[in-house]
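Here the structure is laid out as structure tokens; the discussion comes afterwards.
A quick note: this is a predicted structure, and the numbers were derived from the prediction, not measured. Below, all heavy atoms of this structure are taken into account, side chains as well, without hydrogens, waters or symmetry copies.
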Amino acid sequence: MEVSADPMKTAIIVHGAPNHDEVLDPGVPAASNHHWLPWLQKQLIVRGYEAHTPEIPKSCDPEYSIWQREFERFDITHETLLVGHSCGAGFLVRWLSENRHVRVARLVLVAPWIDPDRTRTTDFFDFEMDPEIAYRTHGLHIFNSDNDMETVQTTVAILREHLHQVQYREFHNYGHFCIEDMGGVEFPELFQTLVEGL
């Protein structure tokens with residue numbers, strides 16, 4: 001990971017951990033090109049950002065070292081927007097907790113998940129959370145839906161308890177913020193939150 005002296009505006013959008021059936025179904029887009037991720041990437045590109053949606057190998061069986069390697073291929077600076085969906089949001093919380101020297105422009109966690117019951121992961125989420133992540137950003141936001149799964153609701157409660165200065169937004173009936181739940185690929189609320197005031 002390099003930090004340039006004169007960074008350009010960048011954005012990294014980290015997908016979640018799809019189930020095995022999604023990965024093996026040729027009719028389902030790759031995780032990095034699914035749901036609202038490509039729509040958001042395009043909106044940010046139009047706005048002048050160099051926007052990336054990395055594809056994490058074997059993401060249905062999350063291994064932190066693999067996610068870390070793919071994420072750190074990109075320059076991460078104080079001009080970088082970070083968005084994580086589900087497991088991708090949990091990954092960003094861990095990565096920023098372990099890289100406390102890094103400042104970013106904004107962080108949005110959509111339906112964050114840290115596998116509180118350890119049903120799908122082993123040591124992926126075994127880390128010490130940095131409660132002051134928000135102070136290294138121009139805003140830390142959590143987007144949650146009132147009808148998302150219980151493990152996401154538990155995760156959101158944990159994050160809101162441990163992270164200072166979280167800006168929380170609850171949506172009605174958005175499920176896990178997937179294309180089927182939202183009825184389309186556009187997510188203007190997320191785009192506006194990312195770029196507002198920057």
Side-chain angles (χ1 to χ4, degrees), residues 11-43 51-74 82-98 107-127 129 141-160 168-187 189-191 194:
I12 306 172
I13 308 163
V14 185
H15 64 72
N19 61 46
H20 288 85
D21 291 342
E22 289 177 297
V23 172
L24 297 175
D25 186 341
V28 175
S32 64
N33 198 37
H34 202 13
H35 308 302
W36 41 264
L37 279 73
W39 177 86
L40 179 62
Q41 179 185 30
K42 179 63 175 179
Q43 305 313 306
H52 306 279
T53 58
E55 181 70 24
I56 312 296
K58 303 178 183 176
S59 56
C60 55
D61 295 308
E63 291 184 33
Y64 183 77
S65 61
I66 295 176
W67 290 62
Q68 181 181 23
R69 181 193 69 207
E70 296 304 315
F71 181 71
E72 291 180 353
R73 292 179 190 272
F74 303 96
L82 294 179
V83 181
H85 179 221
S86 193
C87 185
F91 165 79
L92 290 176
V93 172
R94 175 173 176 177
W95 191 88
L96 286 166
S97 291
E98 294 181 345
L107 172 62
V108 183
L109 309 173
V110 180
W113 180 76
I114 57 172
D115 196 10
D117 301 323
R118 296 298 185 267
T119 56
R120 285 190 64 189
T121 62
T122 53
D123 61 351
F124 194 101
F125 291 115
D126 292 342
F127 69 101
M129 196 177 302
H141 302 258
I142 292 177
F143 282 14
N144 183 38
S145 175
D146 57 7
N147 68 330
D148 205 339
M149 63 189 100
E150 185 177 341
T151 56
V152 170
Q153 304 300 341
T154 301
T155 294
V156 168
I158 292 169
L159 295 179
R160 294 183 74 189
Y168 176 75
R169 182 166 180 181
E170 186 166 287
F171 293 77
H172 176 61
N173 211 30
Y174 271 45
H176 197 52
F177 295 88
C178 296
I179 191 170
E180 337 43 87
D181 303 318
M182 300 173 67
V185 298
E186 297 185 3
F187 199 169
E189 301 95 334
L190 176 53
F191 173 69
L194 276 172

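Taking S97 as the reference, nothing meets the side chain to side chain donor-acceptor pair (under 3.5 Å) condition, with sequence neighbours excluded. Applying the side chain to side chain donor-acceptor pair (under 3.5 Å) criterion to D61, with sequence neighbours excluded, gives H20. The ring pair (Phe, Tyr, Trp, His ring centres under 6.0 Å) test applied to F177 returns F171, Y174, F187, not counting sequence neighbours. Listed by chain and residue number, T119, T151 satisfy the side-chain contact (heavy atoms from CB on, under 4.5 Å) test with D117 (two or more places apart in sequence, or in another chain). Scored by the side-chain contact (heavy atoms from CB on, under 4.5 Å) test, H172 finds D146 as partners (sequence neighbours excluded). For P38, the side-chain contact (heavy atoms from CB on, under 4.5 Å) partners at least two apart in sequence or on another chain are N33. Residues that satisfy the ring pair (Phe, Tyr, Trp, His ring centres under 6.0 Å) test with H141, not counting sequence neighbours, are absent from this structure. For the ring pair (Phe, Tyr, Trp, His ring centres under 6.0 Å) test, residues two or more places apart in sequence or in another chain that qualify with H176 are H85. Applying the ring pair (Phe, Tyr, Trp, His ring centres under 6.0 Å) rule to H15 yields the partners W67; only residues at least two apart in sequence or on another chain are considered. For the side chain to side chain donor-acceptor pair (under 3.5 Å) test, no residue two or more places apart in sequence or in another chain qualifies with E63. Every side-chain contact (heavy atoms from CB on, under 4.5 Å) that I158 has, sequence neighbours left out, goes to I114, P116, M129, T154, H162.
To the nearest 0.5 Å, atom CD of residue E22 and atom SG of residue C178 are 7.0 Å apart. Taking NZ from K58 and CD1 from I56, the interatomic distance works out to 13.5 Å, rounded to the nearest 0.5 Å. Atom-to-atom distance recorded for N173:CG and N147:CG is 4.5 Å, nearest 0.5 angstrom. Separating the CG atom in L109 from the CG atom in L159 is a distance of 6.5 Å, to the nearest 0.5 Å.
In this structure, F125 and V93 have side chains that are not in contact, with every pair of non-hydrogen atoms separated by 4.5 Å or more. Counting heavy atoms from C-beta outward, W36 and I13 have side chains that approach closer than 4.5 Å. Residues T121 and R118 form a side-chain contact, since some pair of their non-hydrogen atoms from C-beta on lies under 4.5 Å apart.
Atom CD of E180 sits in a crowded spot, with more than 12 heavy atoms from other residues, nucleotides or ligands closer than 6.0 Å.
Between the side chain of E55 and the main chain of S32, a donor-acceptor pair closer than 3.5 Å is present. No side-chain donor-acceptor contact under 3.5 Å links D148 to the backbone of S145. Listed for the R160 side chain is no donor-acceptor partner under 3.5 Å among the backbone atoms of Y168.
Side chains of N144 and Q153: a donor on one and an acceptor on the other come within 3.5 Å.
Pairs engaging residues 85-94 under the salt bridge (charged side-chain N to carboxylate O under 4.0 Å, His left out) rule: R94-E98 [sequence neighbours left out].
Between Y64 and F91, the ring-plane angle classifies as tilted under the 30° and 60° cut-offs.
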